[in-house]
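Only a predicted model underlies this, so the values are computations on that prediction, with no experimental measurement involved.
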Amino acid sequence: MAAEDPEAQQVGQWLDLALGKDPNEAANQALSWLGDGSIALGAQRLTAFVRSLGLENTFIQGEFGGVAQAPIRTPSNQRERPNTRPDANMQTTPDDMATLLAAIYACTQDAGPLRQRYPETLTPEECATILFYMTHNELRSPIWRGLPQWDERWIVHRHGMSPAQQGDVALVWGPTGPYVISVFVFNPGLVGWEVANQSVADLSRIVWEFFEFQRSQGGPEAGAPPVLTPPPGYVKVAQEYAASAANPSAQ
């Protein structure tokens, strides 16, 4: 499906909204499209896709914001501890999300599991388009805020939040090159977002400083990060997005 096609443009707008503005409604529309009009079938196909990449702890059973009667059994949710009270309708782990985001970046370099598993149907340009849409996530915390001179850093990320749970996964262009960091926080005592955010920001800073030290000891130079650009036929869904190093033109 060419990006200039009306159907591709519509799917792109749903992804844009889901990653940047209005997660549930747009994501459910994309799921319905994936399932030929059925959100349930779209969820099954999405789960089958991530499972084909070996992400056995990730699934979705229905619409975003929906409720499932019983979760799909996974190695992660069969452990007694820690019990982070995951959503029965959709679940994942920090490791699965880090693996997926790393695979998307590797795909942009014509490498990695996505290109190996889907060489005829998923191109490096399409994977770069995913990263472009991720630049429209305008939340600058918590991983982002943990970076030194954070407003100058090349980063794309996606977060998730609920009253007792918080997660963030990011692709960062670090001192020695790109790296992925994924952090989930379970906060049943409802200590407050400030405490959880600061904890994740501190972890982000420590990881950056590790690669900074590695570079000072003769590690590889990072090189120039990619500039992410919109796909052909891109149609804006917002008047303006905040500019960032990954998308300086804020398209």
Query raised in the report: Is Pro71 close to Gln91 at the side-chain level, that is, under 4.5 Å between some pair of heavy atoms?
Result: yes
Query raised in the report: Side chains of Phe184 and Met97: closer than 4.5 Å at any heavy-atom pair?
Result: yes
Query raised in the report: Of the non-hydrogen atoms in Arg215 and Pro220, which two are nearest, and what is the gap between them?
Result: CD-O, 3.2 Å
Query raised in the report: Between the side chain of Asn77 and the main-chain N/O of Ile72, is any donor-acceptor distance below 3.5 Å?
Result: yes
Report task. Would you kindly say whether Asn137 and Tyr241 are connected by a side-chain donor-acceptor distance under 3.5 Å? Result -> no
Requested in this report: Carefully, step by step, assess Leu139 and Ser141 under the rule side chain to side chain contact (heavy atoms under 4.5 Å, CB included).
Outcome: CA-CA 6 Å; Leu139 182 71; Ser141 62; 3.9 Å; yes
Requested in this report: Using atom types as modelled and distance alone, determine if a side-chain donor or acceptor of Gln214 lies under 3.5 Å from a backbone N or O of Gly219.
Outcome: no
Query raised in the report: Looking only at heavy atoms, what is the nearest atom pair of Leu122 and Arg115, with distance?
Result: O-NH1, 2.8 Å
Query raised in the report: What do you reckon, are the aromatic ring centroids of Tyr118 and Phe49 less than 6.0 Å apart?
Result: yes
Report task. Return yes if some donor-acceptor pair links the side-chain N/O of Asp5 with the main-chain N/O of Glu7 below 3.5 Å, else return no. Result -> no
Report task. Using a 4.5 Å cut-off on heavy atoms from C-beta on, say whether the side chain of Leu100 contacts that of Leu53. Result -> yes
**Report entry** Thr58 side chain to Asp96 side chain, donor-acceptor N/O pair below 3.5 angstrom
**Finding:** yes
Requested in this report: Treat each ILVMFWY residue as a node, draw an edge where side-chain heavy atoms are under 4.5 Å apart, and state whether Leu131 and Leu15 are in one component.
Outcome: yes
Requested in this report: Please indicate whether Gln217 has more than 12 foreign heavy atoms, meaning atoms of other residues, nucleotides or ligands, lying under 6.0 Å from its CD.
Outcome: yes
Query raised in the report: Does Lys236 reach the side chain of Gln13, with side-chain heavy atoms less than 4.5 Å apart?
Result: no
Query raised in the report: Are the side chain of Gln61 and the backbone of Gly66 linked by a donor-acceptor contact shorter than 3.5 Å?
Result: no
Query - Glu126 (side chain) donor-acceptor with Thr123 (main chain) under 3.5 angstrom - result: yes
Query raised in the report: Between CD of Glu212 and CZ of Arg205, what distance do you get to the nearest 0.5 Å?
Result: 11.0 Å
**Report entry** Same apolar cluster: Leu101 and Leu228, side chain cutoff 4.5 Å
**Finding:** yes
Report summary line: Only one of Phe211, Phe213, Phe210 passes side-chain contact (heavy atoms from CB on, under 4.5 Å) with Pro175, and that residue is Phe211
Requested in this report: Identify whether Met134 and Leu114 are in the same connected component of the hydrophobic contact network (ILVMFWY, side-chain heavy atoms under 4.5 Å).
Outcome: yes
Requested in this report: Identify the heavy atoms of Gln165 and Arg85 that sit nearest to each other, and give their distance.
Outcome: NE2-O, 2.8 Å
Report summary line: Scanning both residues in full, the closest heavy-atom pair of Ala103 with Pro113 reads CB-CG, 3.7 Å
Report summary line: What one should report as the nearest heavy-atom pair of Phe59 and Ala88 is CE1-O, 3.5 Å
**Report entry** Criterion side chain to side chain contact (heavy atoms under 4.5 Å, CB included) on Val67 and Asn89, from CA distance to verdict
**Finding:** CA-CA 6 Å; Val67 177; Asn89 189 45; 5.9 Å; no
Requested in this report: Report the relative orientation of the aromatic rings in Tyr234 and His136; use parallel for angles under 30°, tilted for 30 to 60°, perpendicular for over 60°.
Outcome: tilted
**Report entry** Pairwise distance CG(Leu34) to CG(Leu41) - rounded to 0.5 angstrom
**Finding:** 7.5 Å
Query raised in the report: Hey, does the side chain of Arg153 reach the backbone of Trp173 with a donor-acceptor pair shorter than 3.5 angstrom?
Result: no
Query raised in the report: Under the side chain to side chain contact (heavy atoms under 4.5 Å, CB included) criterion, do Tyr105 and Val180 qualify, and how do the steps go?
Result: CA-CA 9 Å; Tyr105 173 74; Val180 170; 6.0 Å; no
Query - Ser204 side chain vs Val200 backbone, donor-acceptor pair below 3.5 Å - result: no
Query raised in the report: Is a side-chain N or O of Asp168 found less than 3.5 angstrom from the main chain of Val183, in a donor-acceptor match?
Result: no
Requested in this report: Could you check if a side-chain atom of Phe64 sits within less than 4.5 angstrom of a side-chain atom of Ile60, using non-hydrogen atoms only?
Outcome: yes
Report summary line: All heavy atoms of Ala27 vs all of Ala18, minimum pair found to be N-CB, 4.0 Å
Query raised in the report: Is there a side-chain contact between Gln109 and Pro124, using heavy atoms and a 4.5 Å cut-off?
Result: no
Query raised in the report: Do Tyr133 and Val156 belong together in a cluster built from hydrophobic side chains that touch within less than 4.5 Å?
Result: yes
Query raised in the report: Which value, rounded to the nearest 0.5 Å, describes the distance between Ile155 atom CD1 and Arg140 atom CZ?
Result: 9.0 Å
Query raised in the report: How many angstroms lie between atom CD1 of Ile104 and atom CD1 of Ile130, to the nearest 0.5 angstrom?
Result: 4.5 Å
Report summary line: When rounded to the nearest 0.5 Å, the distance separating OG1 of Thr74 from CZ of Arg79 is 8.5 Å
Report task. Without swapping roles, check the side chain of Trp144 against the backbone of Trp150 for a donor-acceptor pair under 3.5 Å. Result -> yes
Requested in this report: Look at the side chain of Thr129 and the backbone N and O of Glu125, then say whether any donor-acceptor pair between them is shorter than 3.5 Å.
Outcome: yes
**Report entry** Inter-residue atom distance Arg51.CZ - Gln44.CD, 0.5 Å rounding
**Finding:** 12.0 Å
Query raised in the report: Side chains of Asn197 and Gln166: do they bring a donor and an acceptor to under 3.5 Å?
Result: yes
Query - Contact check, side chains of Leu19 and Trp14, non-hydrogen atoms, under 4.5 Å - result: no
Query raised in the report: Is there a side chain to side chain contact (heavy atoms under 4.5 Å, CB included) between Ile181 and Tyr179 once you walk through the steps?
Result: CA-CA 7 Å; Ile181 175 173; Tyr179 66 85; 4.2 Å; yes
Requested in this report: Examine Trp208 and Leu171 and state if one hydrophobic cluster contains both, with Ile, Leu, Val, Met, Phe, Trp and Tyr joined whenever side-chain heavy atoms are less than 4.5 Å apart.
Outcome: no
**Report entry** Side-chain touch Val169/His157, heavy atoms, less than 4.5 angstrom
**Finding:** no
